[in-house]
There are 2 protein chains.
Amino acid sequence: MDEVKPDKREAILQATLQLVAEHGFHDAPCSLIAERAGVAAGTIYRYFENKDVLILELYRELETKINSALLDGYSLDKPFRERFIHLVTGLLNFFILHPKEFKYIEQFHNSPYGVAFRRDRIMGQSEDCGIYVELFKQGIAQQVLKDLPLAVLCDLAFGPTVSVARNHILGVVQLDDNLISQIAAACWDSMKR
Amino acid sequence: MDEVKPDKREAILQATLQLVAEHGFHDAPCSLIAERAGVAAGTIYRYFENKDVLILELYRELETKINSALLDGYSLDKPFRERFIHLVTGLLNFFILHPKEFKYIEQFHNSPYGVAFRRDRIMGQSEDCGIYVELFKQGIAQQVLKDLPLAVLCDLAFGPTVSVARNHILGVVQLDDNLISQIAAACWDSMKR
DNA sequence: GATAAATGAATGAACGTTCATTTAAATTTA
DNA sequence: TAAATTTAAATGAACGTTCATTCATTTATC
């Protein structure tokens, strides 16, 4: 009978995710977060030191969720192209399946939180980006990919991916499996030698 | 002797551009804008109905500035590839030359202002995007470009462009003329049949 | 009955905006 | 031209609101 844990922490995180995804960081005040989480305002501070910590923690949880989704079925034994397509389609599918998470991440990246975060990430660029960086490094070394800076290869790969996900979520385009694989192939075309 | 126009309106716009580019919409309060513009807080409301109007008007001015920069040297007589490369390199060069303008536009797009703005833009998709849309439509009709939705082609073209500009401005990569033309070519590769 | 969890009214800081007042410029009058 | 008068521009203290955060009190758990 550990099913009936109210788990207010999770409720607060979910409420934050929803409100920020819907309205942005503006108009996602603690009072509303508390209300939607079915919790009093003060309760938030029992689980999170302050709002900044709450927002950062939520971001980190989403990031690891995405990473484990991408790693699912990812094999270093498969050829470059297949591995690359796996990552792009995986990312697109995740975003389509989790539009709120996508919107939250976009909001985060374009906020004071996100800017500071990126700077740190760039300094010690490790952990998560590891999958991509490793793939791209090998691709360059084996002359499968264009000899461009790693950051530029990332932009070629994920710039369109993120952009297309945004347009799908906004309803500008309707992505399906066929279109997704065409887009992934197009990204590959831009990177391959 | 019409040199000595103080032009407070322009000073307010410049101060807004700088502050939003530096700190985001957060931490760009009217009090600071006024201070940096060398103007009293109340003066802002002599030139702009309210802060929203100020922010929107600045965005529109930046947009037309970019568009005229892109149109410079753009000829409908040149072949597809050349026209496309012109647009992408033109956009990249503008962003590199005007990092504050780039940051402001990014902030704007990822704010409540920008979301509402995009919806309107999509409905009556006209005016500015005309250059791209026309180019892409023709490209598809003449089987030079992949037969993908226009929005997706835009994402393939400008997703990496914007992403790479951001990385340059953040100092992650150092773009030069050579690298820029390589990137533009890569984008073309992703779109061409 | 003791400890932990949860509450929500109260607090103070920060914000956009207003407006009574001052300063400057333009126009009229002498 | 100089003074007087009118009009516009600019000011910044004050206002109402919103927000994150606190804490004395209540409720639940063991």
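Keep in mind that what you see is a predicted model, and the values were worked out from it rather than measured. In the text below, chain A, chain B and the rest are named by the order of the sequence lines, each starting its count at 1.
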Between [X] ([atom1]) and [N] ([atom2]), how many Å, whole number?
X	N	atom1	atom2	result
B:Ile44	D:dA9	CD1	P	17 Å
B:Lys8	D:dA8	NZ	P	18 Å
A:Tyr47	C:dA5	OH	P	7 Å
A:Ile12	C:dA5	CD1	P	13 Å
A:Asp7	C:dA5	CG	P	13 Å

Residues that B:Glu35 engages under side-chain contact (heavy atoms from CB on, under 4.5 Å), provided they are two or more places apart: B:Leu32

Let me have a per-nucleotide readout for nucleotides 15-23 of chain D, 5' to 3', with B, S or -, counting only protein heavy atoms under 4.0 Å. ----SSBB-

Just checking, is any N or O donor in the side chain of B:Tyr45 or B:Asn50 under 3.5 Å from an acceptor N or O on the other one? no

May I ask you to check whether B:Tyr59 and B:His109 place their ring centers less than 6.0 Å from one another? yes

Between A:Arg193 and B:Asp189, does at least one N-O distance fall below 4.0 Å, as a salt bridge requires? no

Could you check whether B:Glu134 pairs with B:Arg83 (Lys NZ or Arg NE/NH1/NH2 to Asp/Glu carboxylate O, under 4.0 Å)? no

Just N and O in the side chain of B:Arg46: are any of them under 4.0 Å from OP1 or OP2 of D:dA9? yes

Does the side chain of A:Val20 reach to within under 4.5 Å of the side chain of A:His23, using non-hydrogen atoms? no

Check every strand shown and say whether B:Phe48 touches a base, only sugar-phosphate, or nothing at a heavy-atom separation below 4.0 Å. nothing

Between A:Leu97 and A:Phe158, is there shared hydrophobic-cluster membership here, with clusters defined by ILVMFWY side-chain heavy atoms closer than 4.5 Å? no

For A:His86 and A:Leu70, indicate whether the former's side chain and the latter's backbone hold a donor-acceptor pair under 3.5 Å. yes

Axis bend over the full length of the helix from C:dG1-D:dC30 to C:dA30-D:dT1, computed from five pairs that close each end, to 10 degrees: 10°

